[in-house]
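Since the structure comes first, as C-alpha cells, the remarks are kept for the end.
Counting from 1, the numbers follow the sequence of the chain as shown.
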Amino acid sequence: MDIDPAERVAVYRGSQMACRESGLVLEAKGLPYDVIEHDGAWVLLVPAAAATDASDELARYAAEHRIVRDEPPAVIPFGGAGLGAAVYAGALLLIAYLAGIQWLGMDWLESGALQPVAGAGAWWRAVAALTLHADQAHLLGNLMFGVGIGILAGRVFGPGLAWASIVGAGAVGNYLDMLISPSTHRAVGASTAVFAALGLLAGFSWRRRLNLRERFRYRWAPLFAGVCLLGFLGAGGEHVDVLGHALGFATGIALGWIYARARVPRSRSYALQLGAGGAALGLVAAAWILALRHGVAAL
C-alpha cells in the first residue's frame, strides 16, 4: 500500500514478520499501511490521519495475542576471546612438539589417535585425537580456522564456556565417529572441534533470532568458514575425516540450539568462564594421562 511519504507516521517497530502481522491487523480494519526497512529495523507506517486509530487497533491486538514488539536483545560480546584462542593455539603447538619428539619415549599418535577397534571404553581417544595432527599443514589449517571461529564463539559465550563447549562437542562427535566407523578407520586433528564450533554458532543463531546487524556475523559466517575449511584441507584428502566433521558440526548445532533455548550463558561472571575453561583443559589433560598410561601398558 503506497502512502505519501510526507504524511506517514511510524506506529510499530520490530521484526519484518511482526510488522507484516501487525499490518494484516490494520488491513482487516481497512487502514492503509506500508512496511519498510529503516536503519537496520523494520517499521510499520500509516497515514498521519490514521495514526491514532492504527495505534489503538495494534494495542488491542497486542493485549489479546501478546505480540513481541521488540527485536531480541543483541549479543553483548564477552571480553577475553583472544586469550581463549591463544590458549587453544598454545595447547595444539605444545602437544605437536611433545608428539614430534616422542616425549616419554611414547608414540603419541598411536596412543591418542581415534581408533574404532579400541572400543567404546577408550573414550579418552575421542578427546586426545582432537589435539593431534598428521603433519604441519594439517596443524596450520586447524590453527588458522580454529583461532578465527573460536574468537567468534568466545565473544558470544565467553572464552571459557566457548572452548569447554567446543572441546565437549568435538569429543562427542569423535566418540560417535569411533563407534560407527569401520575398524580400519584412523583419525586425528582438531578439525572436528572446529566444525563443532561452527555448528555451535550456527545452532545458537538459528534458534535465537538475532538482529539484522548481527545476522550475517553469527548466522552465516560459520557456514562460509566451514566451506573455506573444507576447501583448504580438501574434502577428500588423505587426512580429512568427513564423517567426523559432519558429526562434530551436528553435535555443535544441537548444543548451540540448546544454549539459545536455555539462554546460556545466564551469567557473565569471571568464575563461570574460569571454571569452564579449566574444565576443558582438565579434560584434555586427563585424556592424555589415560592415553599414555594405556600406551605404556601395551608395550
Side-chain angles (χ1 to χ4, degrees), residues 1-79 81 149 151-158 161-162 165 198-225 252-269 272-273:
M1 300 179 184
D2 295 327
I3 304 171
D4 185 348
E7 299 178 354
R8 294 190 297 185
V9 175
V11 294
Y12 182 79
R13 299 175 188 273
S15 68
Q16 183 182 19
M17 181 178 296
C19 281
R20 295 198 181 281
E21 179 183 352
S22 298
L24 292 176
V25 174
L26 301 183
E27 185 175 349
K29 297 298 180 179
L31 297 172
Y33 68 92
D34 273 339
V35 175
I36 66 170
E37 186 178 7
H38 180 67
D39 289 338
W42 289 90
V43 183
L44 178 65
L45 302 175
V46 300
T52 300
D53 291 339
S55 296
D56 290 344
E57 288 296 335
L58 293 177
R60 281 193 289 270
Y61 184 81
E64 295 175 2
H65 298 274
R66 298 181 181 179
I67 295 178
V68 178
R69 292 188 170 274
D70 298 318
E71 288 287 336
V75 171
I76 302 174
F78 281 83
I149 202 66
I151 288 175
L152 265 181
R155 289 173 63 82
V156 175
F157 303 106
L161 181 59
S165 303
L198 295 169
L200 182 69
L201 286 173
F204 178 82
S205 60
W206 289 339
R207 175 62 181 82
R208 178 181 178 182
R209 294 178 304 139
L210 301 179
N211 65 36
L212 291 173
R213 295 176 183 176
E214 294 170 325
R215 190 167 296 161
F216 177 83
R217 182 186 305 172
Y218 294 114
R219 179 172 294 188
W220 300 115
L223 298 181
F224 283 114
I253 285 178
L255 185 59
W257 190 91
I258 292 171
Y259 279 3
R261 185 174 178 83
R263 296 193 176 276
V264 173
R266 292 177 176 270
S267 170
R268 299 182 68 86
S269 71
L272 170 64
Q273 299 300 327

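Shortest non-hydrogen contact noted between Cys19 and Gly14 is SG-N, 3.9 Å. The minimum heavy-atom distance between Val11 and Ala51, with the atom names listed, is CG1-O, 4.1 Å. Of all the heavy atoms in Leu272 and Pro265, the pair that sits closest is CD2-CB, 4.4 Å. Of all the heavy atoms in Leu31 and Ala50, the pair that sits closest is CD2-CB, 4.2 Å. Between Ala81 and Gly154, the shortest heavy-atom distance links the atoms CB-C, 3.9 Å.
Annotation: side-chain contact (heavy atoms from CB on, under 4.5 Å) contacts of Asp56 (sequence neighbours excluded): Thr52, Arg60. When the side-chain contact (heavy atoms from CB on, under 4.5 Å) test is applied to Ala10, the partners found at least two apart in sequence or on another chain are Arg13, Val43, Leu45. Under the ring pair (Phe, Tyr, Trp, His ring centres under 6.0 Å) criterion, Phe78 pairs with no residue, sequence neighbours left out.
A side-chain donor-acceptor contact under 3.5 Å links Ser165 and Tyr259.
Taking the side chain as every heavy atom from C-beta outward, Leu200 and Ile253 never approach each other to under 4.5 Å. Two residues are said to be in side-chain contact when any heavy atoms from C-beta on lie closer than 4.5 Å; Arg268 and Ile76 meet this criterion. Side-chain atoms of Tyr33 and Ser22, non-hydrogen and from C-beta on, never get closer than 4.5 Å to each other.
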Next on the checklist: Show, in sequence, the C-alpha distance, side-chain angles and deciding distance for Leu26 and Leu44, and conclude whether the side-chain contact (heavy atoms from CB on, under 4.5 Å) test is met.
Outcome noted: CA-CA 10 Å; Leu26 301 183; Leu44 178 65; 3.8 Å; yes

Next on the checklist: Does Val264 form a side-chain contact (heavy atoms from CB on, under 4.5 Å) with Leu161? I'd like the steps, not just the answer.
Outcome noted: CA-CA 10 Å; Val264 173; Leu161 181 59; 3.7 Å; yes

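Rounding to the nearest 0.5 Å gives a distance of 6.0 Å between CZ of Arg20 and CH2 of Trp42. Annotation: the span from Arg155 atom CZ to Leu201 atom CG amounts to 12.0 Å, rounded to 0.5 Å.
Under the 3.5 Å distance criterion, the side-chain polar atoms of Gln273 are matched with a main-chain donor or acceptor of Phe157.
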